[in-house]
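See below for the structure under consideration.
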Number of protein chains: 4
Amino acid sequence: MIRPGDRVVILLEDEETRFFAEVSEGKVLATHYGNLIMSSLVGMEYGSFVSLGFKGAYVLKPSLLDGVLSLKRSTQIVYPKDIAFITLNLDIKDGDIVYEAGTGTGVMTSVLSRMVGSSGRVVTYEKRSDFVRRARENVAALGKIDRVTFFPEDIENCNEENVADSFFLDVPDPLAVMGRAVSTLKGSGRICVLCPTTNQVQESIRRLGELGVVDIQMWEIMARNYKTNPDRLRPEDRMVGHTAYLVFGVKIKRRSRS
Amino acid sequence: MIRPGDRVVILLEDEETRFFAEVSEGKVLATHYGNLIMSSLVGMEYGSFVSLGFKGAYVLKPSLLDGVLSLKRSTQIVYPKDIAFITLNLDIKDGDIVYEAGTGTGVMTSVLSRMVGSSGRVVTYEKRSDFVRRARENVAALGKIDRVTFFPEDIENCNEENVADSFFLDVPDPLAVMGRAVSTLKGSGRICVLCPTTNQVQESIRRLGELGVVDIQMWEIMARNYKTNPDRLRPEDRMVGHTAYLVFGVKIKRRSRS
Amino acid sequence: MIRPGDRVVILLEDEETRFFAEVSEGKVLATHYGNLIMSSLVGMEYGSFVSLGFKGAYVLKPSLLDGVLSLKRSTQIVYPKDIAFITLNLDIKDGDIVYEAGTGTGVMTSVLSRMVGSSGRVVTYEKRSDFVRRARENVAALGKIDRVTFFPEDIENCNEENVADSFFLDVPDPLAVMGRAVSTLKGSGRICVLCPTTNQVQESIRRLGELGVVDIQMWEIMARNYKTNPDRLRPEDRMVGHTAYLVFGVKIKRRSRS
Amino acid sequence: MIRPGDRVVILLEDEETRFFAEVSEGKVLATHYGNLIMSSLVGMEYGSFVSLGFKGAYVLKPSLLDGVLSLKRSTQIVYPKDIAFITLNLDIKDGDIVYEAGTGTGVMTSVLSRMVGSSGRVVTYEKRSDFVRRARENVAALGKIDRVTFFPEDIENCNEENVADSFFLDVPDPLAVMGRAVSTLKGSGRICVLCPTTNQVQESIRRLGELGVVDIQMWEIMARNYKTNPDRLRPEDRMVGHTAYLVFGVKIKRRSRS
């Protein structure tokens, strides 16, 4: 049942236009079908149809992805197709300690915080202080902020070693901080480096090898969206051609030389 | 620290061959580098290197995906590239009630059970009783079996209505049970139908529309794996060309006619 | 050497902007670098650099694709990625008799006319007379119009049988004329049907089988374009997600029943 | 009509198995349906059905691609998906002078020789003499060998300048000979460099820029093959994930400094 303060998705009957809005007293959502007094939704079931003049709209519960797409962004976000593949390959689970640099818009921070359970922890570094404020707001809205520790500084300042189950590294210059990132990992901990270019992939793979990371894998994910007219099924004319290459590896303990 | 009974991944030094094995008394793992007495690993840190004659191997903590790939399979499993995208788009989260049909090998059941948290629940139907036994074993090994209710029967026998936050439908004939599946969903609940063929996608989209499901989307995910020689970076020569089309939708409440 | 009347491509020095223009007396090409008096190019070598104020431009010989992209279009054209694959799989070669319906903008007609050699022939049908005029102009500009016979009518009006080495079928409703198209083919002749939707592919495959076409294959071609900064190599952010499915087959002689 | 000496494709009725064979006296083709006396095909029409015991086969005219797939190979061949895109983007046409290095198995040489017309010419270099003999045989079988000049030596030995309309460069180390290749091109001539790795692409793009090549583009072509059961339409489970990256550019005249 919808309560005051809930965020909802309003999907117009044509299924073309959607709004992300809060159910709050006095708030009016203007649509080209007509106005919706948001407080009128209180007490309704999710999935209900509301009339808007001659037409109407569906009131839906927002998903994490709806939230992500509604965010105020400081910078490029990680794409849904990549988010899902990354968390699966980093093997994020209940109780994990996950490190991240940089925090960016806080999308991955939110996703990670939802997946580590109440006993897990996300530790995130971001050296651009202007990003941190917005990221906190976004994690508060989309994730579990009580499971997150924000460090508004360069990951290079981190002194922790051998503590993290996994590390998500998404910074402009990953080479410069890769050694530090790997140091935070426990033995058998997993790292994902997000690289926009093939040049950066090559350098990252080389550097990870030097740092004692094994089982290095590199993937790119292509997600193709279809038009869903059942009598004329076909992919959309345009699709996302590239977001980033995903480099994964597993940290090993250095062999001691005798 | 590795304890008796743990399952581990043994990755040979060449990084080409891996084994999934249990650390148990008296067990010996035969590799082409030499034999590994599994109980000798007790007390080691994950990520350690162990000698095997002139060469050696890394002892790694298995991820969910390592576990999935080690499974005894009754039937085709959902691919990692699809698993991740499905759970994100079904918006699986702490406390969710998730329905599934059929259980199959139990891979998605395991993944879902890990994502619903201690207060969530997975309810899974499988009419082939020979599949159910193996699926239970697999969920016990990979997931959180205490969060799962197994029904060794056709989803058609389910009477629940308006209870599920999401439904994952992966059966040979989804058309036959789609009405039943949608009935279990709450308003604004999400369904994913996994369809191998375009014919089945077309019929599923048509049927979902009749059943009051909106915001229907269809995706296919292509995951490209690269060879990770940093001096000769290139995609693998062969890749998976197709697994399944992923159809998603959101249930709405039927408008009452007056 | 550039002569009066030649068409040329003017590529500005930034390599971002290009123009397709004719070298004719009195013609001036306006660019944001400055004006180019087209007749001043007469006598230059292709590949020359011409100054335009402080910056300049390259004068290039237009390729067929440059020509295609410069066309006035009546309707959707076949994409380069598909053009090339179609002609190879239809096995177009010197001396071939190739049938086409519909002519459309004349792009495939032009390509085919260039590939059949001086002893070959392209026969093309288009029932929309408004398309035919423009198609003739386009074939005159890009192809070998003396090798082409235009029929401004429905392919259904064609009476020829057993004459064509190959048939390119690209009309809104291919099912309606597929029997006629196959009739024009010689034994072992090849057909390509261009289908935008999976529904049409399914129906086309079914119908081709009924018509005694064997070795039916279906392909889709994805062409990924990269940004060519050698220090930041990466695919373009967006790409073409879909143009059409390409269905191919080979006609066999009907077995006579005794 | 089939004549003695013709090569034909025998496609068994199941459409799963095909043979590439010559119609010659005394030759017998053994199939699992039964034996086919090849000389019995003389006088038949292409596309005919021949009985083989209880079942039968279709007798088809081989396409260029059938020929390519039947070749004895010395080395990796260029894939059909790439062949077609390359020739279109190199703008191969009647009367062109096309250079190639290396000849390899002679597949591209054959394709190019078919496209330059009777007034065109293909000049091909191959430093491995063991490749040249086989390539000659293949071009004799598939292409127009009278239009081809073979040089069994390194392209570095070529002294020609400003003669070629296009150049197809497919050698293990293209960097070493790229300058020489570009020298053979006329102003506005086009080059294609086939690169298996991203590292080689980066270096090739850099080097082409130094050599006065503009309008550099890079593409990769993905061709997806479908299973053509019209009631169960779906892509094949496995596909080719990578063959090569295709780098294209246009040569300009160097600006003379005054």
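Here is the naming used below: chain letters follow the sequence lines, and residue numbers restart at 1 for every chain.
Interatomic distance, CH2 of B:W219 versus CE of A:M222, reported as 12.5 Å (0.5 Å rounding). We find the CD1-OG distance between A:I92 and B:S63 to be 11.0 Å, quoted to the nearest 0.5 Å. Note that CG of B:D91 and CG of A:D66 are 7.5 Å apart. Values are rounded to the nearest 0.5 Å. Remark: A:K81 NZ to B:K81 NZ distance equals 13.0 Å, nearest 0.5 Å. Here CG of A:L233 is found 5.5 Å from CD1 of B:I205. Values are rounded to the nearest 0.5 Å. Rounding to the nearest 0.5 Å gives a distance of 5.0 Å between NZ of B:K253 and CD of A:E45.
Of the listed residues A:L64, A:L246, A:L90, A:V111, the one with more heavy-atom pairs under 4.5 angstrom with chain B than any other is A:L64. In terms of heavy-atom pairs under 4.5 Å with chain A, the best-connected choice from B:Q202, B:M115, B:K144 is B:Q202. The choice from A:L60, A:N229, A:N225 that makes the most heavy-atom pairs within less than 4.5 Å of chain B is A:N225. Ranking A:T87, A:L185, A:V9, A:D231 against chain B, the residue ahead of the rest is A:D231, based on heavy-atom pairs under 4.5 Å. Across A:V214, A:I216, A:V201, the residue that shares the most heavy-atom pairs under 4.5 angstrom with chain B is A:V214.
Looking at every heavy atom in both residues, A:R190 comes nearest to B:K61 through NH2-O, 3.2 Å. The shortest non-hydrogen separation linking A:A223 to B:I221 is CB-CD1, 3.8 Å. Of all the heavy atoms in A:S188 and B:Y46, the pair that sits closest is CB-CB, 3.5 Å.
Counting heavy atoms from C-beta outward, B:S48 and A:I252 have side chains that stay 4.5 Å or more apart.
Formation of a donor-acceptor pair under 3.5 Å by the B:T228 side chain with backbone atoms of A:M218 is not found in this model. B:R206 contributes a side-chain N or O that, together with a main-chain N or O of A:P230, makes up a donor-acceptor pair within less than 3.5 Å. Using a distance-only test at 3.5 Å, with no hydrogens or angles considered, a donor-acceptor pair links the side chain of B:E15 to the main chain of A:D215.
Residue contact with chain A, scored on non-hydrogen atoms closer than 4.5 Å, involves the backbone of B:K251 exclusively. For a residue to count as touching a neighbouring chain, one of its non-hydrogen atoms must lie under 4.5 Å from one of that chain's; by this rule B:R232 does not touch chain A. Proximity to chain A involves both the backbone and the side chain of B:E220, based on heavy atoms less than 4.5 angstrom apart.
Counted by atom type alone, A:Y226 and B:Q217 present zero donor-acceptor pairs between their side chains at under 3.5 Å.
A salt bridge links A:D94 with B:R147: the distance from a Lys NZ or Arg NE/NH1/NH2 to an Asp or Glu carboxylate oxygen falls below 4.0 Å.
Taking a 6.0 Å sphere around OH of B:Y33, one finds it holds more than 12 heavy atoms contributed by other residues, nucleotides or ligands. Heavy atoms of other residues, nucleotides or ligands lying less than 6.0 angstrom from NZ of B:K55 number 12 at most. Heavy atoms of other residues, nucleotides or ligands lying less than 6.0 angstrom from CZ of A:F19 number more than 12.
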